[in-house]
Enquirer: 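This structure is in structure tokens; I'll ask about it shortly.
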Amino acid sequence: MNIEQKLVASVMSGLKALYGQDVPAAQIQLQKTKKEFEGHLTLVVFPFLRMSKKGPEQTAQEIGEYLQANEPSVSAFNVIKGFLNLAIASSAWIELLNGIHADAKYGIVAATDNSPLVMIEYSSPNTNKPLHLGHVRNNLLGNALANIISANGNRVVKTNIVNDRGIHICKSMLAWQKYGNGETPESSGKKGDHLIGDYYVAFDKHYKAEVKELMAKFQSEGMSEEEAKAKAEAESPLMKEAREMLVKWEAGDPEVRTLWKKMNDWVYAGFDETYRMMGVTFDKIYYESETYLEGKEKVMEGLEKGFFYRKEDGSVWADLTGEGLDHKLLLRADGTSVYMTQDIGTAKLRFADFPIDKMVYVVGNEQNYHFQVLSILLDKLGFEWGKGLVHFSYGMVELPEGKMKSREGTVVDADDLMAEMINTAKETSGELGKLDGLTQEEADNIARIVGLGALKYFILKVDARKNMTFNPKESIDFNGNTGPFIQYTYARIQSVLRKAKEAGISVPAQLPAGIELSEKEEGLIQMVADFAAIVKQAGEDYSPSLIANYTYDLVKEYNQFYHDFSILREENEAVKIFRLALSENVAKVVRLGMGLLGIEVPDRM
């Protein structure tokens, strides 16, 4: 039982003894005492005034006196209006630390075979280009969410849906056919996803040149600029060829399908390398080329059951006006599917593969309406988790220079960004002397851990719902709310623990209770203990930023403690061992918290 649970039980006993009333635990509100008042925890007494039939101050006074006499963990109290501020005895804090110390995975709840199964979809790349900065935010959020939901005692399946079909894929294929001269990742020395991305950009360049030429021709024939543009875009030979290739792909043309498979395999090899460097994994990958026909089938089933309707042109629609929305296209007049159809098909396959209790989609906020509609449609089609699906909607990420455009090749490539971050970490760490005395291999590994930690932390500390600007220079600072600052504090604690070990000092499994603690030490134990509640709240709110900012606050507090108190030079042996135990548990919680965010912490730095 932690301190709060003990206090709640004692308050319940006190209310029964003082006022003869049984009060449910849920009615007893304890909160951290505000910094301007003395005490650790504050009880709100207003809910008990009806039973005490007294004013708030007198009621608080009576409850305080009862607790001080009957609850050993309460050492003192004071009353401010209707708030009872309780000071907790040093022995109770040491007992709490002992409990945390004994639990290697404090705050993490293990799943059982009967735990709910939560599926999380993230990444969702296209096979016509490499992953970019937007994908980085998506992958890091998805991976962190999966870890956090798992840490709350759920079974988790991490899944990815790859957009491997459609006109955009055909553009890259056609450009490679026309301008590639048989170039391969091996012959070019480029990663496969980068190579294909180059041809996507090349297609756009040639297409724009064609449109410009045709526009000039049509305008010289007397058309307005707007008319000429529309006709040029419709008559571009390159775009026509791309559309013809898509029709052939849909018809299963062997030559087109062989080229498609070869180029996609190059891309997948490139993606795997990027995911590996990012530290992101999946339990199951789905491909739109395998799900879109399933979606068509499910839509036709819905049409037969009267959930959907067909227009005169043959297109299939859902009428969602009863739900306060509009009419939604599900199949085009030519029978081809739209994104919604594919999502329905993917849901069908997933439900067949896994007994899903909850489905979480990690997709940008520009798709809010799409998921509102998808939830309604899945529910109509009989998917048990359809109504309760979670769209984890996040904001866009940009660089200080502004927006990115993949067609124009101005996107910030994920591989380049990670390489740049590692390189910057190496330079910054070297300048600060943090790599002195390390082998080249150790220095390279620390640069990787720090560089990627800076990137991940900077992105994950921001509330996911907000748009953000990623500033590489700011993220790698060794001071302030950054990954490197947290990692450096962890390495500092490891250094203290190593020195203690070299001096033959070991921390026992149980700390003795007879030590008087300072306010700073009590506050630090309280913060360490908060980790379990933070993990729970982060799971309920789907909020990795809660864990990121909690971890920063904890190391900031620890650094003040480290600055103000001796640890290894402390003369009182019991106090020295207590401070080592406290340091060890701060480090443990930092490691667990950063681990949930997918961030490594180095033992040396």
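In what follows, every heavy atom counts, from backbone to side chain, and hydrogens, waters and symmetry copies are set aside.
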Enquirer: Pairs under 3.5 angstrom only: tabulate donor-acceptor contacts from the side chains of residues 595-605 to other protein residues two or more places apart or in another chain.
Expert:
residue	atom	partner	partner atom	Å
Glu600	OE1	Arg448	NH2	3.2
Glu600	OE2	Arg448	NH1	2.8
Glu600	OE2	Arg448	NH2	3.2

Enquirer: Check this for me: Glu38, atom CD, are more than 12 non-hydrogen atoms of other residues, nucleotides or ligands nearer than 6.0 Å?
Expert: no
Enquirer: CE of Met12: more than 12 outside heavy atoms within 6.0 angstrom?
Expert: yes
Enquirer: Assess the side chains of Asp415 and Thr274: does a donor N or O sit below 3.5 Å from an acceptor N or O?
Expert: yes
Enquirer: Does the side chain of Glu57 come under 3.5 Å of the side chain of Gln61 through a donor N or O and an acceptor N or O?
Expert: no
Enquirer: Show the nearest heavy-atom pair for residues Thr59 and Ser52, with the distance to one decimal.
Expert: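 Closest approach of Thr59 to Ser52: OG1-OG, 2.8 Å.
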Enquirer: Any donor-acceptor pair under 3.5 Å linking the side-chain atoms of Ser518 with those of Glu521?
Expert: yes
Enquirer: Using the ring centroid of each side chain, check whether Tyr122 and Phe282 are separated by less than 6.0 Å.
Expert: yes
Enquirer: Looking at residues at least two apart in the chain, or sitting in another chain, which of them share a side-chain contact (heavy atoms from CB on, under 4.5 Å) with Pro512?
Expert: none
Enquirer: Counting distance only, does the side-chain N/O of Gln21 pair as donor-acceptor with the main-chain N or O of Val23 below 3.5 Å?
Expert: no
Enquirer: For Ser10 and Ser13, does a side-chain donor sit closer than 3.5 Å to a side-chain acceptor?
Expert: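 Judged by distance alone, the side chains do not pair up.
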Enquirer: Specify whether Phe531 and Tyr106 have parallel, tilted or perpendicular ring planes, treating 30° as the upper limit for parallel and 60° as the lower limit for perpendicular.
Expert: tilted
Enquirer: Between Phe392 and Tyr361, is the ring centroid distance below 6.0 Å?
Expert: no
Enquirer: Excluding sequence neighbours, so at least two apart, what forms side-chain contact (heavy atoms from CB on, under 4.5 Å) with Thr42?
Expert: Gln31, Thr33, Phe83, Asn85
Enquirer: Test Leu7 against every option in Leu30, Leu43, Asn2 by the side-chain contact (heavy atoms from CB on, under 4.5 Å) rule and name the one that passes.
Expert: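 Single pass found, and it is Leu30.
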Enquirer: Lys434: which residues meet the side-chain hydrogen bond (donor to acceptor under 3.5 Å, both in side chains) condition with it, sequence neighbours left out?
Expert: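 Per chain and number, Lys434 pairs via side-chain hydrogen bond (donor to acceptor under 3.5 Å, both in side chains) with no residue.
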Enquirer: Where is the tightest heavy-atom contact between Asp564 and Lys520, given as atom of each residue plus distance?
Expert: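 It is OD2-CE, 4.5 Å.
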Enquirer: Are Phe470 and Phe458, when compared by the centres of their aromatic rings, separated by less than 6.0 Å?
Expert: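 Yes.
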Enquirer: Donor-acceptor pairs are to be reported for all side-chain atoms of residues 540-547 against protein atoms at under 3.5 Å, with residues two or more places apart or in another chain.
Expert:
residue	atom	partner	partner atom	Å
Glu540	OE2	Lys536	NZ	3.0
Asp541	OD2	Gln537	NE2	3.3
Ser543	OG	Ser545	OG	3.2

Enquirer: Assess whether atom NZ of Lys499 is packed by more than 12 heavy atoms of other residues, nucleotides or ligands within 6.0 Å.
Expert: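 No - once you tally the heavy atoms of other residues, nucleotides and ligands closer than 6.0 Å, there are 12 at most.
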Enquirer: What pairs with Lys32 under side-chain contact (heavy atoms from CB on, under 4.5 Å), at least two apart in sequence or on another chain?
Expert: Gln526, Met527, Asp530
Enquirer: Do Asn138 and Tyr394 have side-chain N/O donor and acceptor atoms under 3.5 Å apart?
Expert: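 There is such a pair (donor and acceptor under 3.5 Å, judged by atom type) between the side chains of Asn138 and Tyr394.
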Enquirer: If you look at every heavy atom in Ile88 and Ala92, which pair is closest and at what distance?
Expert: CG2-CB, 3.6 Å
Enquirer: Would you say the rings of Phe561 and Tyr558 are close, in the sense that their centroids are separated by under 6.0 Å?
Expert: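 Centroid separation for Tyr558 and Phe561: below 6.0 Å.
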Enquirer: We want to know whether His132 and Asp413 form a side-chain donor-acceptor pair, criterion being a heavy-atom distance below 3.5 angstrom.
Expert: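 No - no donor-acceptor pair under 3.5 Å links their side chains.
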Enquirer: Taking atom types as modelled, find out whether Lys588 and Asn585 have a side-chain donor-acceptor pair closer than 3.5 angstrom.
Expert: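 Yes, because at least one side-chain N or O of Lys588 sits under 3.5 Å from a partner of the opposite role on Asn585.
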Enquirer: Is it true that a side-chain atom of Asn467 and a backbone atom of Met396 form a donor plus acceptor pair closer than 3.5 Å?
Expert: yes
Enquirer: On the ring face of Tyr490, is Arg591 found with NZ or CZ under 6.0 Å from the centre and within 45° of the axis?
Expert: no
Enquirer: Side chains of Ser73 and Glu71: is there a donor and an acceptor less than 3.5 Å apart?
Expert: yes
